[in-house]
Structure formats: structure tokens, C-alpha cells
Amino acid sequence: MPKRHNMPEQLFKIRHSLAHIMAQAVTERYPDARPTIGPPVENGFYYDFAVPRPFTPEDLEAFEKRMKEIIQRGVTFERKEVSAEQARALFANNPFKLELIDGLLSGAGDDMGEEEADEPSSNNARPTTISVYTHDTFTDLCRGPHVASTREINPDGFKLTSASGAYWRGDERNPMLQRIYGVAFETEQELQHYLHQMEEAKKRDHRKLGKELEIFFFDDEVGPGLPLWQPNGAIIIEELEKLAKEMELKHGYQRVRTPHVTKEDLFLRSGHLPYYAESMYPPMELDNGVKYYIKPMNCPMHHKIFASKPRSYRDLPIRLAEYGTCYRYEKSGELFGLMRVRSMQMNDAHIYCAEEQFEQEFMDVIAMYLEYFRLFGIEKYVMRLSTHSRKGLGKKYVDNEPLWLKTEDMVRRAMQKHNVPYVEQEDEAAFYGPKIDVQIWSAIGREFTLATNQVDFAVPARFNLVFVNREGKEETPLCLHRAPLSTHERMVGFLIEHYGGAFPPWLAPTQVMLIPIADRHNDYCRQVAERLVALGMRAQVDDSTERMQNKIRKAQGQKIPYMLVVGDKERDAGAVSVRLRNGEDLKAMPLDQFIAHVWPIITARKAELWPMETGGA
RNA sequence: GCCGAUGUAGCUCAAUGGCAGAGCAAUCGAUUUGUAAUCGAUAGGUUACGGGUUCAACUCCCGUCGUCGGCUCCA
């Protein structure tokens with residue numbers, strides 16, 4: 001997201017040119033279609049069209065076929081500079097292009113038309129002329145660059161993948177256009193490789209694995225976005241909570257608990273109402289007309305706890321933590337498995353501190369992020385400093401620009417001083433302050449914010465939160481809102497995909513499966529399982545009437561880390577034969593030896609399955 | 001919320017206007033097995049829900065709900 005296109009120049013040209021060729025194919029078949037913008041994007045390109053009727057899958061096939069024909073004819077791309085007059089004449093029947101032309105000329109048209117998408121926002125010199133590119137019978141408004149000839153494009157290196165609606169200029173108040181996505185590479189092999197990777201990614205999709213591994217599901221009668229956690233899911237959640245509680249205890253947090261519903265007054269004070277109302281479940285109205293809302297956030301209640309007694313500078317920082325359950329009425333089309341739900345439990349905490357404590361507290365949260373990420377082996381993420389935008393002041397953002405600039409700089413300096421890499425993204429802040437978000441990607445490539453660490457310089461004042469400073473005067477504290485482990489929903493969804501369902505032993509719902517070879521070994525297996533369970537391990541016995549091979553297959557399918565096979569030999573020797581999830585057969589060993597090897601791995605939350613050089617995933 | 005696609009047994013999928021089927025899972029029986037699928041039998045359905053067209057609807061049409069791919073939006 002930060003870098004819009006970091007692809008090689010030639011690939012950029014190929015994708016960009018394919019977008020034009022597609023527009024030709026589309027307008028040939030549907031002369032009424034009005035091309036709007038069509039940039040190259042990661043892995044391919046898209047083009048948005050204003051059309052009377054949405055495209056069908058058959059249309060896509062026809063477009064693709066026609067595109068291949070055009071490419072194989074070897075047509076050339078030619079650039080031409082035209083005056084504004086000429087450009088308007090050329091695109092007289094296309095209001096979208098005219099709007100783009102106006103935007104270009106006014107110089108203010110920073111709205112990410114095609115031209116913006118084409119070039120990193122480097123040179124601000126506005127063109128006095130406008131460039132158009134012509135290939136074959138098709139001419140498009142475009143900054144370029146393009147391939148010289150379609151001979152540079154491999155006709156088997158691209159594929160049209162999907163059609164969908166998209167708002168003109170990404171604004172839902174604008175008309176809806178029809179977008180066609182394509183993927184494109186320089187060679188057929190790269191395309192096939194990409195398509196294969198997509199297939200593999202689908203196997204890791206948490207929605208698929210979550211069902212297969214019986215972690216969670218949705219039920220029509222319960223409602224969209226309201227996951228039901230099965231026993232396996234509850235185990236994972238409780239392990240995460242245990243981890244968070246240990247970590248937060250170490251970092252000086254105190255736990256609090258707050259109700260799920262509150263009077264409207266609280267959210268009026270916090271400023272969520274009416275601003276945030278559309279993301280909240282509608283209120284319940286009591287007989288006396290008083291409205292109660294289900295909470296979408298925990299902060300106002302934590303503020304009340306801070307305010308429940310006088311606070312001295314000596315008490316600060318005060319860190320209040322709660323795995324709070326919140327409900328947000330997300331639009332139906334925005335729901336996405338566990339990654340975007342309507343009921344969620346947040347790894348929430350609010351840190352109230354004096355300004356001079358900011359850096360220490362803020363960076364302690366960042367340190368916590370890093371500690372968690374190391375534990376989970378999370379490497380593919382981007383820390384994003386999300387800042388305000390001037391145009392959002394007074395609307396999306398608290399209207400106090402000097403304070404924004406000051407706070408953003410505080411964050412920037414803290415991050416730089418501690419050498420934590422980050423990127424900056426304008427217009428992504430919370431309404432009360434800047435934040436460091438941790439961006440991650442789902443198996444199928446969608447971007448989400450996992451953890452967040454937000455500075456709030458505004459809301460404490462609304463709640464009249466104060467502490468008495470050294471001079472005996474009242475002072476408003478800063479508040480940090482933080483959720484290093486995200487919500488249970490998003491965290492578990494992410495972890496399912498991150499591990500491909502093969503959780504490290506400490507998180508695995510079932511850690512050990514006892515596999516008796518014949519019925520006569522069942523009792524011994526039950527004794528072993530009892531002993532492991534008494535120790536604190538999650539062990540089960542597969543006493544079905546299946547053969548051992550079948551039991552192994554089932555346990556593998558559930559991605560259980562340890563399979564203990566037991567026959568006459570093991571029973572008679574008080575032993576177990578250890579098979580790891582990765583297929584390794586460690587042969588028979590005394591039960592005590594198995595425990596001695598595995599228990600430390602579980603309690604230390606290690607990633608590996610077995611000590612020494614053997615274990616893997 | 002918007003555009004499009006889609007919804008058949010617990011799961012994965014057949015059946016293109018003419019009696020709704022298979023594999024896996026489940027249940028029962030037999031088998032007692034040494035590191036990724038033993039054999040047999042049984043049961044399982046108001047084809048998401050509600051209307052309509054038709055002699056006849058899983059199939060065609062309309063509506064509702066859910067899901068999926070995007071747009072918008074977010075932890």
C-alpha cells in the first residue's frame with residue numbers, strides 16, 4: 001500500500017499497455033462503454049469503464065481472446081502531445097476523461113487519476129500540454145510510458161481474472177463503474193507460477209482452515225459477522241489471553257472489566273455520537289426513553305475508571321487493560337471471515353501518562369509488538385505511522401492542527417530514536433490522534449491492520465480527566481490506546497493463515513494424540529493421556545476401530561503436533577513411539593523422556609516441535 | 001451499503017424442465033492391524049427461504065437472507 005508500484009519498468013509498461021489493449025477490446029464490443037482510468041497494479045492491471053450494463057464472465061473471455069489477437073498483430077504504441085483544446089475534442093464524448101483533463105490543467109487535480117497512479121508523486125510541474133497514446137484503433141489520455149510494440153507483450157503472459165463494481169474515483173457518492181482486473185507477467189511461466197501460488201494461498205485461507213479444523217463458524221440464524229467459536233477456537237483464544245495477561249502484568253498493567261452496554265450519554269461525551277453512529281448497532285430504548293448502546297469501543301469506560309478517583313502525577317502512568325467485547329455494525333459487504341467481524345474481543349488497554357512520559361510509554365508498547373512478533377515468527381508486516389490530513393480537520397479529525405503536528409512529530413522522533421522502521425501514511429489517523437498501525441496481509445493478499453498504538457490528545461479533556469502535577473496544579477494526561485494482539489478474531493484469523501493451521505505446540509488445540517494399534521492398547525493409552533492432561537497438556541486417545549494408519553492420517557489432517565503410537569512393545573515398556581507432525585518418526589522412548597522433551601517447548605511457547613536438530617513445522 | 005456471481009446430505013461436489021446421486025464423514029457389524037485411507041451394511045434431502053411460470057421446477061422468473069469476488073470502510 002505505501003508503495004504503489006515497485007515493479008520493473010518493462011513490467012510496468014506491459015501491464016499498462018495491456019490495460020489500454022483491454023480498453024480497445026471492450027470498446028469494440030461495447031461502443032457505449034466509456035473508459036475512465038486503467039493503471040498497472042501489483043501483479044497486473046485494471047481498467048474501469050462506465051457501461052450501461054455490467055460485464056459477464058463471457059464478456060471477459062471474449063475480451064481476453066480479442067486482446068491476444070491484437071497483441072499478436074504486433075501493433076505499435078505512439079505518444080503524442082496535444083493541447084488542452086485538442087484533448088477535449090478527442091474525448092468530447094467521455095465526461096470522465098474530460099474531468100481528468102480539467103484536473104490535470106488546474107494542477108489541483110491531485111485526485112489520483114490515471115496520471116497520478118502512473119507516476120510517483122514526484123515532479124509537481126504541471127503539463128501545459130497533454131499526452132495521449134494511440135495503438136491500433138484506440139487512443140487514450142495517458143502519461144505513459146508504454147511498450148513500443150505489442151511484440152514486447154507475451155500473449156500468454158496475462159489473464160483477465162474478474163469483473164466488479166468500483167466507484168468513480170473511489171468515492172461511494174459517485175457513479176459506479178465496472179472494473180475488470182487482469183494479472184500479467186513477462187512470461188507464461190511467471191503467470192502460471194502466480195496462479196499456482198494463488199491456489200496454494202486459498203488452501204491457507206482461514207475461512208477454509210477454520211472450518212476444517214473446527215475452530216469457528218458462522219450460522220445464518222446467529223447473524224453475519226458473529227462468529228461462533230468451537231472448542232478448538234476457544235483453546236486458542238484462551239492461550240492468547242493467557243499470554244497477554246502475563247505480558248501485561250510484566251509491563252505494569254492493571255486489569256479492569258466494564259459492561260457491554262451503556263447509556264447514550266457516555267458516547268455523546270466521548271464524541272463517538274453522532275460521528276461514529278453508523279458503525280454502531282442501533283440503540284435500545286427503554287420505557288423512560290433512555291437510550292442504551294452496545295459498546296463499539298472500551299475507551300470511554302476506561303476513562304471513567306481513570307476519573308473514578310483523584311490521580312496524582314505519582315500514580316502515572318496508569319495502564320488499564322481489558323479483553324473487552326465490542327460490537328460494531330460493519331456494512332454487510334465489508335465482512336470478511338474472522339478478519340472483519342461485528343463482534344470482537346480487543347486486546348485493549350489505555351495508558352494515561354504525562355507528556356514527558358510519552359516516549360517511554362509509547363515505545364514500551366512498540367517493544368511489546370516486537371516481542372509478540374518474535375514469539376509468533378511474524379516477519380511480513382509494515383509499521384505505519386498514520387497521520388492526519390489537512391482537509392480532514394474538523395471532519396474526520398479533531399480540529400487542532402498545531403497539536404496534530406506536534407504529536408505526529410513526537411511519534412516520529414520516538415520511532416527514529418529507537419530505530420524502529422516505519423512508513424508514513426497521510427489521512428489514516430484516528431480522529432483523536434496519530435497512531436502506529438501494524439499492517440499485515442491475509443492469505444489471499446488483503447491488507448489489514450493487526451496491531452495498533454494510538455495517541456489521544458483530545459478525548460481525555462472531553463472527559464475532564466486530570467491528574468495533579470508536581471506544582472499542585474491540575475493537568476490533562478495523554479492517553480495511549482493500544483492493541484498489540486489486535487482482536488481475538490483478527491489475530492486468530494491471521495495466525496491460522498500464518499501457520500497454515502499447523503499451530504506451534506503451545507497453541508495447538510490438541511497437542512498430543514494417542515494412537516493405540518489395537519483395542520488391547522486402549523487402556524494404556526488412556527492412562528498415558530490422563531497423565532499428560534494432569535500435567536497440563538491437551539492429549540486425546542483415538543480409540544476408534546480404525547487401523548493405525550487411518551488414525552495417523554486423521555491426526556495429520558488435524559495438524560496435531562505429536563502422535564504417540566502405542567503397541568505391545570510400548571505398553572510393556574511404559575513407552576510411547578513419537579511421530580511428529582512433520583512426518584518424523586522418533587521411534588519408541590520412555591513416556592518420561594517424551595514429557596521431558598516436549599513440556600519445556602510448550603511452556604516456553606517455542607515454535608519448534610522437538611529440541612535439537614530434528615524439529616520443524 | 002453498492003456492482004456482479006453464487007447457495008443441492010455434516011464436508012467436497014454431480015444431476016441444464018421429466019422419480020435428487022457419489023465420495024468422505026456418521027451409525028451398525030466384521031476385522032485387531034506398526035507410521036498418511038480395512039471390508040461390508042445402514043441411515044442421511046421440503047435442493048437457503050418466500051412467491052410465480054409450467055402438465056411437470058434443483059433447473060426458468062421475482063423477492064428475501066447468507067456466502068464469495070471487488071468498491072467503500074476498518075481492529
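Below, read A as the first sequence line, B as the second, and so on, with proteins coming before strands; counting in each chain starts at 1.
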Enquirer: At less than 4.0 Å, is any side-chain N or O atom of A:Lys211 found next to OP1 or OP2 of B:rU12? Yes or no.
Expert: yes

Enquirer: Please confirm whether any donor atom in the side chain of A:Ser332 sits under 3.5 Å from an acceptor in the base of B:rG66, or the reverse.
Expert: no

Enquirer: Base, sugar-phosphate, or nothing: which does A:Gln556 touch, judged by heavy atoms less than 4.0 Å apart?
Expert: base

Enquirer: Among B:rG34, B:rG70, B:rA37, which nucleotide has an atom closest to any side-chain atom of A:Arg553?
Expert: B:rA37

Enquirer: Of the options B:rU33, B:rG69, B:rC74, whose atoms approach the side-chain atoms of A:Ser162 most closely?
Expert: B:rG69

Enquirer: Choosing from B:rC3, B:rA75, B:rA37, which nucleotide comes nearest the side chain of A:Ser164?
Expert: B:rC3

Enquirer: Give me the distance, rounded to whole Å, that separates B:rU59 from B:rG7 when you measure between the C1' atoms they each carry.
Expert: 14 Å

Enquirer: Can you check whether A:Arg179 reaches A:Leu177 side chain to side chain, under 4.5 Å on heavy atoms?
Expert: no

Enquirer: Using atom CG of A:Asp59 as one end and atom P of B:rA5 as the other, report the distance to the nearest whole Å.
Expert: 11 Å

Enquirer: Using only modelled atom types and a 3.5 angstrom limit, is any donor from either the side chain of A:Glu570 or the base of B:rG34 paired with an acceptor on the other?
Expert: yes

Enquirer: Side chain of A:Arg328, heavy atoms from C-beta onward: which of B:rA36, B:rC74, B:rU38 has the nearest atom to it?
Expert: B:rC74

Enquirer: Could you check how far CE of A:Met589 sits from C1' of B:rU35, rounded to whole Å?
Expert: 14 Å

Enquirer: Per the salt bridge (charged side-chain N to carboxylate O under 4.0 Å, His left out) rule, what does the pair list look like for residues 434-443 of chain A, sequence neighbours excluded?
Expert: A:Arg384-A:Asp437, A:Lys435-A:Asp437

Enquirer: In whole Å, what separates the C1' atom of B:rA43 from that of B:rA22?
Expert: 16 Å

Enquirer: Out of B:rG69, B:rC74, B:rG66, which has the shortest distance to the side chain of A:Pro224?
Expert: B:rG66

Enquirer: Only counting residues at least two apart or in another chain, list the ones meeting side chain to side chain contact (heavy atoms under 4.5 Å, CB included) with A:Tyr329.
Expert: A:Tyr281, A:Arg342

Enquirer: Quick one: pull up NZ in A:Lys295 and CG in A:Leu266 and give me the separation to the nearest 0.5 Å.
Expert: 10.0 Å

Enquirer: Check every strand shown and say whether A:Ala166 touches a base, only sugar-phosphate, or nothing at a heavy-atom separation below 4.0 Å.
Expert: sugar-phosphate

Enquirer: What integer number of Å spans the C1' atoms of B:rC65 and B:rC49?
Expert: 7 Å

Enquirer: Would you say a side-chain N or O of A:Arg342 is under 4.0 Å from OP1 or OP2 of B:rC74?
Expert: no

Enquirer: At less than 3.5 Å, do the side-chain atoms of A:Tyr167 and the base atoms of B:rG1 form a donor-acceptor pair?
Expert: yes

Enquirer: Is there a donor-acceptor contact under 3.5 Å from the side chain of A:Tyr562 to the main chain of A:Leu609?
Expert: yes

Enquirer: Given B:rU33, B:rG69, B:rG70, which nucleotide is nearest the side-chain atoms of A:Tyr181?
Expert: B:rG70

Enquirer: Give one of base, sugar-phosphate or nothing for A:Arg179, where a contact means two heavy atoms less than 4.0 Å apart.
Expert: sugar-phosphate

Enquirer: Looking at every strand, decide which applies to A:Ser577 at a 4.0 Å heavy-atom threshold: base, sugar-phosphate, or nothing.
Expert: base

Enquirer: Considering only B:rU31, B:rU72, B:rA75, which nucleotide approaches the side chain of A:Glu334 most closely?
Expert: B:rU72

Enquirer: Roughly how many Å apart are B:rG63 and B:rG10, using the P atom of each and rounding to a whole number?
Expert: 29 Å

Enquirer: Does A:Val365 reach the side chain of A:Ile436, with side-chain heavy atoms less than 4.5 Å apart?
Expert: no

Enquirer: Pick the C1' atom in B:rG44 and in B:rC71, then give their distance to the nearest Å.
Expert: 42 Å

Enquirer: With the threshold set at 4.0 Å, does a side-chain nitrogen-carboxylate oxygen contact exist between A:Arg173 and A:Asp171?
Expert: yes

Enquirer: Under 6.0 Å from the ring centre and within 45 degrees of the ring axis: does the NZ or CZ of A:Arg446 meet both conditions for the six-membered ring of A:Phe336?
Expert: yes

Enquirer: Any side-chain heavy atom of A:Leu338 within less than 4.5 Å of one from A:Pro227?
Expert: yes

Enquirer: Return all side-chain donor-acceptor pairs below 3.5 angstrom for residues 215-223 of chain A, not counting sequence neighbours, or 'none' if the list is empty.
Expert:
residue, atom, partner, partner atom, Å
A:Asp219, OD1, A:Glu221, N, 2.7
A:Asp219, OD1, A:Val222, N, 3.4

Enquirer: Sticking with atom C1', work out how far B:rU72 lies from B:rG21, rounded to a whole angstrom.
Expert: 43 Å

Enquirer: State whether A:Arg547 places a side-chain N or O below 4.0 Å from either non-bridging phosphate oxygen (OP1 or OP2) of B:rU38.
Expert: yes

Enquirer: Using a heavy-atom cut-off of under 4.0 Å over every strand shown, decide if A:Ser486 touches base, sugar-phosphate, or nothing.
Expert: sugar-phosphate

Enquirer: Hey, does A:Leu177 reach any base, or is it just sugar-phosphate, or nothing, if we go heavy atoms under 4.0 Å?
Expert: nothing

Enquirer: How would you label the contact of A:Ile444 with the nucleic acid (heavy atoms, under 4.0 Å): base, sugar-phosphate, or nothing?
Expert: sugar-phosphate

Enquirer: In whole angstrom, give the distance that lies between atom CD1 of A:Ile517 and atom C1' of B:rU31.
Expert: 16 Å

Enquirer: Using the C1' atom as the point on both nucleotides, what is the distance between B:rG50 and B:rU38, in whole Å?
Expert: 48 Å

Enquirer: Is the shortest side-chain N/O distance from A:Lys435 to OP1 or OP2 of B:rA75 below 4.0 Å?
Expert: yes

Enquirer: Could you check A:Tyr276 against A:Gln178 and say which one's nearest nucleotide on RNA chain B is further toward the 5' end?
Expert: A:Gln178

Enquirer: Is A:Arg446 touching bases, backbone alone, or none of the nucleic acid, heavy atoms closer than 4.0 Å?
Expert: sugar-phosphate

Enquirer: Which nucleotide, B:rU35, B:rG34, B:rA75, lies nearest any side-chain atom of A:Thr449?
Expert: B:rA75

Enquirer: Would you check if A:Arg255 and A:Tyr323 make a side-chain contact, meaning some heavy-atom pair closer than 4.5 Å?
Expert: yes

Enquirer: Considering only side-chain heavy atoms of A:Met176, which listed nucleotide, B:rC3, B:rU33, B:rG1, is closest?
Expert: B:rC3

Enquirer: Checking A:Ser544 now: which residues fulfil side chain to side chain contact (heavy atoms under 4.5 Å, CB included) with it, not counting sequence neighbours?
Expert: A:Asp542, A:Glu546, A:Lys551, A:Lys554

Enquirer: Which nucleotide, B:rG66, B:rG4, B:rA75, lies nearest any side-chain atom of A:Pro54?
Expert: B:rG4

Enquirer: Rounding to an integer number of angstrom, what distance separates B:rC19 and B:rU6 when you compare their P atoms?
Expert: 24 Å

Enquirer: Which value, rounded to the nearest 0.5 Å, describes the distance between A:Leu60 atom CG and A:Glu58 atom CD?
Expert: 8.5 Å

Enquirer: If each of A:Asp220 and A:Phe336 is mapped to the nucleotide of RNA chain B with the nearest heavy atom, which maps nearer the 5' terminus, i.e. the 5' end?
Expert: A:Asp220

Enquirer: Need one value for A:Asp568: base, sugar-phosphate or nothing, where a base atom within 4.0 Å counts as base even if backbone is also close, heavy atoms only.
Expert: base

Enquirer: Do A:Arg319 and A:Glu248 sit within salt-bridge range, that is, some charged N less than 4.0 Å from a carboxylate O?
Expert: no

Enquirer: Could you pull out the protein-nucleic contacts involving nucleotides 23-27 of chain B (nitrogen or oxygen on both sides, under 3.5 Å)?
Expert:
none

Enquirer: How many whole angstroms separate atom CG of A:Asn174 from atom P of B:rC2?
Expert: 17 Å

Enquirer: Which dot-bracket string describes RNA chain B (Watson-Crick N1-N3 plus N6-O4 or O6-N4, or G-U N1-O2 and O6-N3, all under 3.5 Å; [ ] crossing; | other strand)?
Expert: (((((((..((((....[..)))).(((((.......))))).....(((((..]....))))))))))))....

Enquirer: Heavy atoms under 4.0 Å, any strand shown: does A:Thr161 hit a base, just sugar-phosphate, or nothing?
Expert: nothing

Enquirer: Side-chain donor or acceptor of A:Arg581 under 3.5 Å from a matching atom on the base of B:rA36?
Expert: no

